[in-house]
Amino acid sequence: MERTQFDIRYATLRRAVIERDFAHLNDKQKEAVFNTEGPVLILAGAGSGKTTVLINKIVNILRYGSGVQCEQAPFFAKDEELRRLARYLAEKPQTEEELTDMYRLCSVSPARPWEVIAITFTNKAANELRERLNTAIGAEAASGVWAHTFHSACLRILRSNFDKASLSRNFTIYDEDDKRRVLTESIRALGLDEKHYDPRAVGSEISRAKDNLLSPRAYEAENGNDHYRKTVASIYHEYQGRLSMSDAMDFDDIIVKTVELLKKHEEVRNHYQNQFRYVLVDEYQDTNYAQYVLSSLLAGGRRNISVVGDDDQSIYKFRGATIQNILGFEDQYPDALVIRLEQNYRSTSTILNAANGVIKNNCGRKSKTLWTENPAGGKITVYRGSTQEEETEFIASNILRDVSEGVPFSKHAVLYRNNVLSNNVEQAFKRNGIPYRILSGLRFFDRAEIKDMLANLWIIQNPADTLRLKRIINNPKRNIGDRSIEKAEQIAHNEKTTVFEILKNANEYPELSRGREQMTAFCKMIEELRQMEEFLPLDELYDELLEKSSYMSALKIKNDMESRARIENVLELKSNITDYCTRTEKPSLNGFLEEISLFTDIDRYDASADAVIMMTMHAAKGLEFDHVFLCGMEEGLFPSFRSMESDDDIEEERRLCYVAMTRAKKNLRITCADRRMIFGQTRYSRPSRFIEEIPQEFIEKFEPQTNITENKESGYRYKPTEPVTLPKISSFVTKKEEQPSANLYAVGEMITHKAFGRGMILAATPMGGDCLLEIAFDGVGTKRLMAKSASQYMKKA
DNA sequence: AATCCGGTTCTTTTT
DNA sequence: GAACCGGATT
């Protein structure tokens with residue numbers, strides 16, 4: 001088609017209107033948002049507005065389609081339309097009708113919501129996407145967009161095509177723990193020694209195989225010469241057999257089966273390739289081979305694929321992520337548009353330059369230099385203590401100083417390489433009465449009683465699930481012992497049916513005479529619940545389950561501390577179910593179990609509580625905090641001993657360091673200790689090489705003062721932080737609220753503290769619902785503590 | 001079937 | 001130092 005003068009004027013106006021709609025973006029971000037057609041690689045540095053770009057791109061696709069890129073006027077356009085468009089540009093549309101009219105005049109084949117799929121790695125990212133789409137384009141359109149994690153998107157596809165994916169309707173999902181158990185069973189069943197074939201090592205080897213889309217047979221063919229791997233291949237084979245007997249899939253299978261489905265069934269592939277006009281993938285640097293194949297398949301129709309990632313933030317190689325996907329994107333799509341987002345909106349320039357200085361030491365990256373218009377901010381503090389106690393006391397006293405200056409606890413995060421370091425920090429926080437929250441550790445859904453109840457629900461959904469069946473069959477006690485189950489398993493194996501079927505018909509097998517009444521009773525209970533599931537709402541079904549399984553009554557009879565806590569947890573699971581039912585359109589047992597199995601503890605992170613947040617550096621990815629502490633920055637811990645042998649591993653550690661540093665918005669403090677107790681031994685180490693890699697001009701160093709090192713009495717040898725004048729008690733906090741422990745202490749009073757000994761209260765400042773005390777301890781010096789939480793360590797002298 | 005003891009192990013872990 | 005697992009013991 002010829003471009004006319006009219007077309008050119010129209011396209012110019014249209015572009016101006018659309019540009020105005022996205023005026024809050026910078027030029028690079030706009031480029032990423034406007035180029036909807038064809039493959040686009042967006043290299044987005046830390047804090048460069050990656051999520052913003054993703055969301056705006058979707059909004060653009062839904063609102064204007066390929067609007068900006070289209071050079072033609074719409075077919076219906078006459079001079080009248082052109083004039084209207086010009087008017088809308090001169091003055092913004094006021095009424096709803098005018099706005100709709102403007103969108104119509106500018107849009108060129110806009111996508112419908114379900115034609116867009118945006119894939120993320122975490123539920124948190126997917127939820128954030130959904131929420132921000134909600135505000136941008138309204139709930140109705142937003143809910144149509146496929147904003148999912150890789151796993152939930154795949155489950156959605158698998159559920160609608162379970163027959164073609166050779167799955168049963170009610171397939172079960174095994175988590176990492178279930179996986180390990182099945183692996184142990186498999187290893188034993190093959191008569192192998194667990195010492196030689198560690199289930200964890202074998203499990204990750206199998207995961208890597210699945211990441212690379214290798215079936216047991218293909219894996220064996222590739223590794224036939226290696227004795228160990230040959231055995232792993234047979235375990236892999238056995239393991240898959242057991243999964244399929246239980247109608248179960250592990251996390252890796254969710255991706256693998258979807259890829260298989262799309263590869264094998266042309267009509268399914270065509271369906272999704274037609275449906276998804278636009279495919280967007282977040283955190284592309286962390287995709288593995290299978291996920292790469294999957295996204296390529298989904299985008300295979302129109303090749304409108306946008307991937308967002310940062311090769312410098314790839315920290316999951318050990319889980320099979322391959323940086324090759326992002327590095328090779330241009331080879332895969334030679335016509336790809338590459339856009340670099342290099343302006344950072346998060347950190348001070350000091351922090352950013354320091355992080356740049358570190359990551360610069362890595363080879364094999366896409367060249368990219370982040371810059372910022374943000375102010376320089378303060379220098380990065382590097383504190384070197386002689387012991388871990390000094391280190392953590394430094395962190396605690398720094399936080400208290402910030403708090404006394406009006407910064408809430410919740411603006412602080414402590415990040416560490418390794419979970420064991422959290423103990424020390426935790427102790428220091430307890431001593432100093434600092435409220436804190438640890439992310440990771442024991443998850444709610446990992447608690448035994450929760451897993452028990454979920455296992456029950458899984459069985460109702462899919463009685464073939466032998467692993468879960470074994471978990472609950474004798475819990476609460478039904479006098480069905482391991483031996484009886486072993487026999488039942490044997491029979492099931494011989495008759496090629498499920499254990500549940502055998503137990504149901506226990507009367508027919510003389511071997512099972514021992515517990516046959518209990519067995520049939522149990523199966524009858526499950527079958528009744530299965531029938532109820534058809535018509536009962538989910539939360540009522542759960543009540544029935546608690547009742548019929550006597551799980552609750554067994555706990556009530558025990559009635560000790562632990563059982564009471566368990567009852568609470570079991571009830572909390574109920575509120576989870578109720579919550580799920582209210583916010584889901586068509587609640588189902590299926591849907592609930594699926595959601596739960598893809599849930600992680602980061603999803604429970606509640607940013608509203610005023611507490612310091614502690615987590616591993618890995619867990620911090622994608623988050624940001626005003627004040628960040630990186631602790632345990634020592635050779636051997638970070639970078640870890642294990643990574644020191646290979647350059648590749650050191651580079652991954654360095655990327656992790658880069659990720660950790662760039663979490664900080666305003667202030668970054670790095671700490672280490674010369675000597676620490678770890679794994680029951682005292683170890684001495686040098687400060688991390690990564691500290692050395694930070695250009696010195698961005699750093700202010702604090703080291704223990706050697707001249708007071710001999711002060712045995714106190715044990716604390718670092719230079720105390722500068723005395724700070726506490727803010728005056730301001731009028732708005734003086735309103736008398738019931739603060740029992742907070743008001744217990746008066747200025748001038750003497751107290752004793754478990755850790756610090758005798759001291760006198762110098763000042764008491766009400767703060768939030770608590771009170772900040774400044775106490776002069778004998779020998780130890782002046783400390784600031786929060787009254788409420790420190791009171792358990794303190795009493796009046 | 002439950003409990004105790006002793007030996008072993010100890011990165012990170014979006015789903 | 002602690003947590004977890006497996007085998008042996010009651």
Side-chain angles (χ1 to χ4, degrees), chain A residues 119-127 148-155 173-181 184 188 193-195 198-201 203-204 207 210-211 249-256 282-288 290-291 313-321 415-424 427 439-443 445-446 474-475 477-484 594-603 605 615-623 632 636-644 649 652-653 655-657 659-660 676-683:
Chain A
I119 309 176
T120 64
F121 268 80
T122 58
N123 298 315
K124 188 174 182 295
N127 289 337
H148 288 293
T149 62
F150 266 105
H151 295 263
S152 72
C154 286
L155 279 178
I173 301 160
Y174 279 0
D175 66 18
E176 291 300 304
D177 190 52
D178 302 325
K179 173 181 166 177
R180 215 199 56 242
R181 284 165 202 261
T184 311
R188 286 187 188 155
D193 183 6
E194 284 167 67
K195 297 263 151 42
D198 170 29
R200 273 180 50 188
S204 76
S207 276
K210 290 184 178 179
D211 290 344
M249 281 198 294
D250 65 19
F251 284 141
D252 306 315
D253 284 337
I254 295 175
I255 312 285
V256 173
D282 194 13
E283 306 278 18
Y284 198 64
Q285 77 281 357
D286 288 329
T287 49
N288 58 38
Q291 289 161 334
Q313 291 188 65
S314 155
I315 52 172
Y316 285 103
K317 197 185 75 180
F318 71 96
R319 279 187 68 114
L415 310 182
Y416 33 82
R417 174 68 236 269
N418 176 320
N419 272 314
V420 295
L421 288 181
S422 69
N423 287 336
N424 300 317
Q427 281 166 22
L439 237 75
S440 84
L442 188 66
R443 294 168 20 178
F445 295 103
D446 280 344
N474 201 29
N475 181 12
K477 299 273 171 299
R478 294 186 181 90
N479 292 317
I480 306 175
D482 288 351
R483 300 298 297 276
S484 312
E594 232 162 61
E595 188 177 290
I596 291 291
S597 50
L598 302 181
F599 216 74
T600 56
D601 51 345
I602 196 117
D603 301 321
Y605 164 43
M615 67 183 100
T616 64
M617 295 176 178
H618 279 91
K621 190 165 136 211
L623 304 175
L637 274 176
F638 189 41
S640 76
F641 275 123
R642 289 171 185 244
S643 65
M644 286 188 180
D649 289 348
E652 175 133 331
E653 297 277 288
R655 289 192 292 271
L656 182 59
C657 181
V659 168
R676 79 169 67 234
M677 272 285 266
I678 198 151
F679 303 144
Q681 280 184 324
T682 306
R683 287 227 295 247

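Please read these numbers as outputs of a predicted model, since none were measured by experiment. Lettering of chains follows the sequences in order, A, B, ..., and the numbering in each one begins at 1.
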query = Partners of A:Y316 by ring pair (Phe, Tyr, Trp, His ring centres under 6.0 Å), sequence neighbours excluded?
reply = A:F318, A:H618
request  = Nearest whole angstrom, please: distance from the C1' of B:dT9 to the CD of A:Q681.
outcome  = 13 Å
key: Value in whole Å for how far the P atom of B:dC10 lies from CG of A:L637   = 16 Å
key: Short side-chain to backbone donor-acceptor contact, A:N474 and A:I480, under 3.5 Å   = yes
request  = Check every strand shown and say whether A:E653 touches a base, only sugar-phosphate, or nothing at a heavy-atom separation below 4.0 Å.
outcome  = base
request  = Give a yes/no on whether any side-chain N or O of A:T616 is located under 4.0 angstrom from OP1 or OP2 of B:dT13.
outcome  = yes
request  = Indicate syn or anti for B:dT12, taking the glycosidic torsion and treating anything within 90° of 0 as syn.
outcome  = anti
task = Could you tell me whether the phosphate oxygens of B:dT11, OP1 or OP2, come under 4.0 Å of any side-chain nitrogen or oxygen in A:R417?
result = no
task = Would you mind building the protein contact string for nucleotides 2-10 of chain C? One character per nucleotide, 5' to 3', B for base within reach (heavy atoms under 4.0 Å), S for sugar-phosphate only, - for untouched.
result = ---SS----
inquiry  = Taking the minimum atom-to-atom distance to the side chain of A:M677, which one of C:dG1, B:dT12, B:dT14 wins?
reply    = C:dG1
request  = Say whether A:T122 and A:K621, considering side chains only, have a donor N or O and an acceptor N or O under 3.5 Å apart.
outcome  = no
ask   = Which whole number of Å gives the distance between the C1' atom of B:dT12 and that of C:dC5?
value = 23 Å
inquiry  = Does A:F641 reach a base, just sugar-phosphate, or nothing at all? Heavy atoms under 4.0 Å.
reply    = nothing
NZ-CG distance between A:K317 and A:L656, expressed to the nearest 0.5 angstrom = 12.5 Å
task = Please state how far atom CD in A:Q313 lies from atom P in B:dT14, giving the value in whole angstrom units.
result = 17 Å
request  = Check for a donor-acceptor pair, side chain of A:D253 on one end and backbone N or O of A:D250 on the other, with a separation under 3.5 Å.
outcome  = yes
request  = Find the distance A:D211:CG to B:dT13:P and express it as a whole number of Å.
outcome  = 17 Å
ask   = Atom CG of A:N418 and atom P of B:dT11: how far apart are they, to the nearest Å?
value = 7 Å
query = Among all residues two or more places apart in sequence or in another chain, which pass the side chain to side chain contact (heavy atoms under 4.5 Å, CB included) test with A:D178?
reply = A:Y174, A:D175, A:K451, A:L467, A:R468
Using a cut-off of under 3.5 Å, enumerate the N/O to N/O pairs linking the protein to nucleotides 2-4 of chain B.
| unit_1 | atom_1 | unit_2 | atom_2 | d |
| --- | --- | --- | --- | --- |
| B:dA2 | OP1 | A:K477 | NZ | 3.2 |

ask   = Separation of A:K621 atom NZ from B:dT14 atom C1', in whole Å?
value = 7 Å
query = Between A:N419 and B:dT13, does any side-chain N or O lie under 4.0 Å from OP1 or OP2?
reply = yes
task = Would you say whether A:F318 stacks on B:dT12? The test is a distance between ring centres of less than 5.5 Å and an angle between planes of less than 30°.
result = yes
query = Hey, does the side chain of A:R417 reach the backbone of A:L637 with a donor-acceptor pair shorter than 3.5 angstrom?
reply = no
ask   = A:M615 CE to B:dT12 P: how many Å, rounded?
value = 15 Å
message = If we ignore hydrogens and angles and just use 3.5 Å, is the side chain of A:N123 paired with the main-chain N or O of A:L598 as donor and acceptor?
response = yes
ask   = Within this structure, what is the NZ-to-C1' distance between A:K317 and B:dT12, rounded to whole angstrom?
value = 13 Å
request  = Find which nucleotide of DNA chain B each of A:F251 and A:D649 is nearest to by heavy atoms, and output the residue with the more 5' nucleotide.
outcome  = A:D649
message = Which residues pass the side chain to side chain donor-acceptor pair (under 3.5 Å) test with A:D211, not counting sequence neighbours?
response = A:R208, A:N288
key: Test side chain to side chain contact (heavy atoms under 4.5 Å, CB included) applied to A:R642 - qualifying residues, sequence neighbours left out   = A:S640
note = Of A:D252 and A:V420, the one whose closest nucleotide on DNA chain B sits nearer the 5' end is A:V420
